[in-house]
Amino acid sequence: MPELPEVETVRRGLEPYVRGRRIARVTVRDARLRWPVPASLAHDAADRRIERIARRGKYLIVTLDSGDRMIWHLGMTGRLLVLDPAQPLVKHDHVDFLLDGDTLIRFHDPRRFGAVLWWSRDENVHPLLAGMGPEPFDPAFDGDYLFRKSRGRSVAVKNFVMDGHIVVGAGNIYAAESLFRAGIRPTRRAGRLTRADCARLADRIREVLAEAIERGGTTLRDFAGADGASGYFQQELSVYGRDGEPCRVCGTLIKGLVLGGRASCYCPRCQR
DNA sequence: CTGTTAACCTGAGTGC
DNA sequence: TGCACTCAGGTTAACA
C-alpha cells in the first residue's frame, strides 16, 4: 500500500501525538512481521521518551531519548493509528505503543509485510537503511544524477525508478504516474534515456510525490493516515489501474502490461 | 556486478 | 453458499 506520500502522511499524523511523549507500555501480540519484532523491544522502549519521528524512504524512524531508535515500516497493508487506549482490539492488531497512559499508537497489518525493529544507539547505520538512494526532495536527486545512474542499464525505466538504490519512495503507483507525466514509456530501457528525459523524469517524480502528500496519499483499499482518514490522490491518477480506459489527455486507451512482475499501465500515445 | 523470478502473507474480488 | 483462482500499494533471497 504505502509509498512515500502515504508514509509521510502517517508521519505527519503521528508527530503531534508522539513528540516528547513517554512510552508507558509496549504490547507485542504477534511478533511475526516481515522480520520478527525483537523480543527485547517492548522492555527497551518502555519508559523512554520519543524525541521525534522522521522518515527515510518508506521507513519511519522514531528517535528515543536514550539515543536508540525504532524503525517502523508499513509493508503493503500496515496502519499506524492514533487511538483511545480503550479502543477494542480487532484482528491483525499486532503491536501497541501506549503513551503516558492516554494515547495509543496501534500497529495493524493483515499481511504482516511491515516491520517494527530496534536500532541501537551503538549502531551507526542500520543495515536496512544502508545503501539507500537519495530522497526525491534531496537536491542531490536531479536529472544529472538520474542520467549518470542510468548509463549502461538495460532494465526498464519503471523498474529503475522503483529501485530504492536509485531513489527512494516511488513504488508502483507513483512510478507509473511520473512516467506518464514525463511522457516516457515504462518499458524504455533506462540506458536509453536522454539527458532531457532524465531532467523531466526527476522533476515529475518530485511533482507527483508532492501533490500526493498534499492530498493525504492514495487510498485504493487499505491505506489510512494516523487518524484513520483516507487519502484523495486516487482521484488524480492518470494511468495506474486504468488499463483499458481512455487517456485523460488524448483519449487513447490506456495499455496494461507486466514489468518486473508488477502490473503497469501507460498511454501508448502520450508516452514514447 | 546486472537482471529476473519467486517468496513472504492475508483478504477481496471474480467466475463457475 | 462454496470453491478455485487471481491479484494487491513492498522488499529481499535466490537464481542465471
Side-chain angles (χ1 to χ4, degrees), chain A residues 1-11 29-37 55-60 71-80 90-95 107-117 126-133 149-179 186-192 205 208-209 212-213 215-225 230-244 256-265:
Chain A
M1 107 188 153
E3 304 183 33
L4 186 149
E6 289 73 36
V7 178
E8 179 61 20
T9 297
V10 169
R11 191 198 70 77
R29 287 186 201 81
D30 192 342
R32 300 171 305 160
L33 303 183
R34 181 71 171 77
W35 297 277
V37 179
R55 180 189 57 71
R56 176 78 173 100
K58 299 168 191 169
Y59 293 94
L60 289 170
I71 295 177
W72 296 347
H73 193 281
L74 299 174
M76 291 275 264
T77 52
R79 289 183 176 198
L80 280 161
V90 298
K91 203 175 178 184
H92 307 303
D93 284 344
H94 303 314
V95 185
F107 181 80
H108 169 95
D109 186 8
R111 288 177 76 181
R112 290 191 276 115
F113 287 175
V116 173
L117 295 170
H126 192 280
L128 276 179
L129 306 178
M132 287 177 80
K149 283 291 191 180
S150 59
R151 291 313 87 186
R153 297 291 305 271
S154 66
V155 68
V157 60
K158 174 157 175 279
N159 301 327
F160 177 72
V161 155
M162 288 175 67
D163 180 351
H165 299 96
I166 302 302
V167 61
V168 297
N172 209 23
I173 297 176
Y174 300 112
E177 294 297 310
S178 307
L179 286 164
T187 48
R188 182 111 65 94
R189 290 172 183 273
R192 307 298 295 273
I205 288 171
V208 165
L209 295 176
I213 291 170
R215 300 276 192 288
T218 298
T219 297
L220 298 176
R221 278 169 290 274
D222 307 293
F223 174 69
S230 297
Y232 291 95
F233 193 75
Q234 61 276 13
Q235 298 170 8
E236 318 290 327
L237 298 177
S238 296
V239 286
Y240 182 86
R242 300 196 63 241
D243 183 7
L257 78 166
V258 175
L259 271 180
R262 314 295 299 272
S264 308
C265 295

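Quick note on labels: first sequence line is chain A, next is B, and so on, each numbered from 1.
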[X] side chain to [Y] main-chain N or O, any donor-acceptor pair under 3.5 Å?
X         : Y         : answer
Glu3(A)   : Gly171(A) : yes
Glu8(A)   : Arg55(A)  : no
Arg215(A) : Tyr232(A) : no
Arg56(A)  : Lys58(A)  : no

Exercise. Knowing that exactly one of Val7(A), Val10(A), Leu117(A), Leu80(A) qualifies, which makes a side chain to side chain contact (heavy atoms under 4.5 Å, CB included) with Trp72(A)?
Worked result: Leu80(A)
Output the rounded distance in Å from [atom1] ([X]) to [atom2] ([N]).
X         : N       : atom1 : atom2 : value
Asp109(A) : dC9(B)  : CG    : P     : 12 Å
Trp35(A)  : dG10(C) : CH2   : P     : 14 Å
Leu259(A) : dT4(B)  : CG    : C1'   : 12 Å
Asp222(A) : dT10(B) : CG    : P     : 14 Å
Lys158(A) : dT4(B)  : NZ    : C1'   : 14 Å
Glu177(A) : dG9(C)  : CD    : P     : 13 Å
Arg79(A)  : dG9(C)  : CZ    : P     : 17 Å
Leu209(A) : dG9(C)  : CG    : P     : 16 Å

Expressed in whole Å, how much space separates the [atom1] atoms belonging to [N] and [M]?
N       : M      : atom1 : answer
dG9(C)  : dG3(B) : P     : 22 Å
dT6(C)  : dA6(B) : P     : 13 Å
dA14(C) : dC9(B) : P     : 15 Å

Exercise. Which part of the nucleic acid, if any, lies within contact of Gly261(A), taking any heavy atom under 4.0 Å across all strands shown: a base, the sugar-phosphate backbone alone, or nothing?
Worked result: nothing
Would you say [N] has OP1 or OP2 under 4.0 Å from some side-chain N or O of [X]?
X         : N       : answer
Arg221(A) : dG11(B) : no
Tyr240(A) : dG9(C)  : yes
Arg262(A) : dG9(C)  : yes
His73(A)  : dT11(C) : yes
Lys58(A)  : dG9(C)  : no
His92(A)  : dG11(B) : yes

From [options], pick the nucleotide closest to the side chain of [X]?
X         : options                  : result
Arg34(A)  : dG11(B), dT10(B), dC8(B) : dC8(B)
Arg111(A) : dG3(B), dT10(B), dG10(C) : dT10(B)
Ser154(A) : dG9(C), dG3(B), dA8(C)   : dG3(B)
Pro2(A)   : dG10(C), dT4(B), dG11(B) : dG10(C)
Val155(A) : dG3(B), dT10(B), dG10(C) : dG3(B)

Problem set entry | Arg32(A) or Arg153(A), whichever maps to the more 5' nucleotide of DNA chain B | Arg153(A)
For this session: Write out the stems for DNA chain B, ordered by first number and formatted as range with range, counting runs of at least 3 consecutive Watson-Crick or G-U wobble pairs under 3.5 Å.
Result: B:2-8 with C:10-16, B:10-16 with C:2-8
Exercise. Is the ring centre of Phe113(A) under 5.5 Å from the base ring centre of dC8(B), and are the two planes under 30° apart, so that they stack?
Worked result: yes
For this session: Evaluate whether atom CZ of Arg29(A) has more than 12 neighbouring non-hydrogen atoms of other residues, nucleotides or ligands under 6.0 angstrom away.
Result: yes
For this session: Dump the intermediate steps for side-chain hydrogen bond (donor to acceptor under 3.5 Å, both in side chains) on His108(A) and Asp93(A), then the final yes or no.
Result: CA-CA 4 Å; His108(A) 169 95; Asp93(A) 284 344; 2.8 Å; yes
Problem set entry | Working for side-chain hydrogen bond (donor to acceptor under 3.5 Å, both in side chains), residues Asp109(A) and Thr77(A) | CA-CA 5 Å; Asp109(A) 186 8; Thr77(A) 52; 2.6 Å; yes
For this session: Taking atom types as modelled, find out whether Thr218(A) and Tyr174(A) have a side-chain donor-acceptor pair closer than 3.5 angstrom.
Result: yes
